[in-house]
Amino acid sequence: MEKIKFLGVLLVLMSAQVGSAETLECLVDGSDDWFILYPEQRIYRSSKYDVYALMEGMTLATVSRQRLRFHRITQLNLLPQPDRIQRFEGECRYSETTLGSER
C-alpha cells in the first residue's frame, strides 16, 4: 500500500512539472508513418527533453525540445523474443491542425 501511495505522489509531482504544451506531429525516419503526441500524454519535462507515455506506458517517446527529434520505444510483451522491443526515431513538428481535421 505504501508503494502505491508513493507512486501516486510521484505522478502528481511529475504532472505538476508539466506546464502547457502543444500537440506534436512526428514523422518516423525512412518511412511515411507518423503519429501524434498530445499535451496530456506528456509525463515529464526537463530543460532539454519532454517525455510522453502512450498505450498506458507500453510506449515512451522522448522529444528533444531544441531540435524536436524523437526516440520512441515500445515494449510488446505479446510478441516472442527478440521482437519485444520496437525502437523508432524521427522528427516532430508543432501541429498546425486541430483535432478532427486532416493532416
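Because the structure is predicted, anything quoted here is derived from the model rather than measured.
Hydrophobic cluster membership differs between Tyr49 and Tyr94, with clusters built from Ile, Leu, Val, Met, Phe, Trp and Tyr side chains linked at under 4.5 angstrom.
By the salt bridge (charged side-chain N to carboxylate O under 4.0 Å, His left out) test, Asp33 is found to be paired with no residue, residues two or more places apart in sequence or in another chain being considered. With sequence neighbours excluded, the residues that form a salt bridge (charged side-chain N to carboxylate O under 4.0 Å, His left out) with Glu89 are Arg69, Arg87. With sequence neighbours left out, the ring pair (Phe, Tyr, Trp, His ring centres under 6.0 Å) criterion links Phe88 to no other residue.
The closest side-chain heavy-atom distance from Arg45 to Asp50 is below 4.5 Å.
The OH atom of Tyr38 sits 11.0 Å away from atom CG of Leu24, with the distance rounded to the nearest 0.5 Å. The distance from atom CD of Gln75 to atom CD1 of Ile85, rounded to the nearest 0.5 Å, is 5.0 Å. Going from atom CH2 of Trp34 over to atom CZ of Arg93 covers 8.5 Å, rounded to the nearest 0.5 Å. Rounded to the nearest 0.5 Å, atoms SG (Cys92) and CZ (Arg72) are 10.5 Å apart.
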Return all side-chain donor-acceptor pairs below 3.5 angstrom for residues 58-68, not counting sequence neighbours, or 'none' if the list is empty.
| unit_1 | atom_1 | unit_2 | atom_2 | d |
| --- | --- | --- | --- | --- |
| Thr59 | OG1 | Thr74 | OG1 | 2.8 |
| Ser64 | OG | Arg67 | N | 3.3 |
| Arg65 | NH1 | Ser46 | O | 2.9 |

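For Tyr52 and Phe35, the distance between ring centers is not under 6.0 angstrom.
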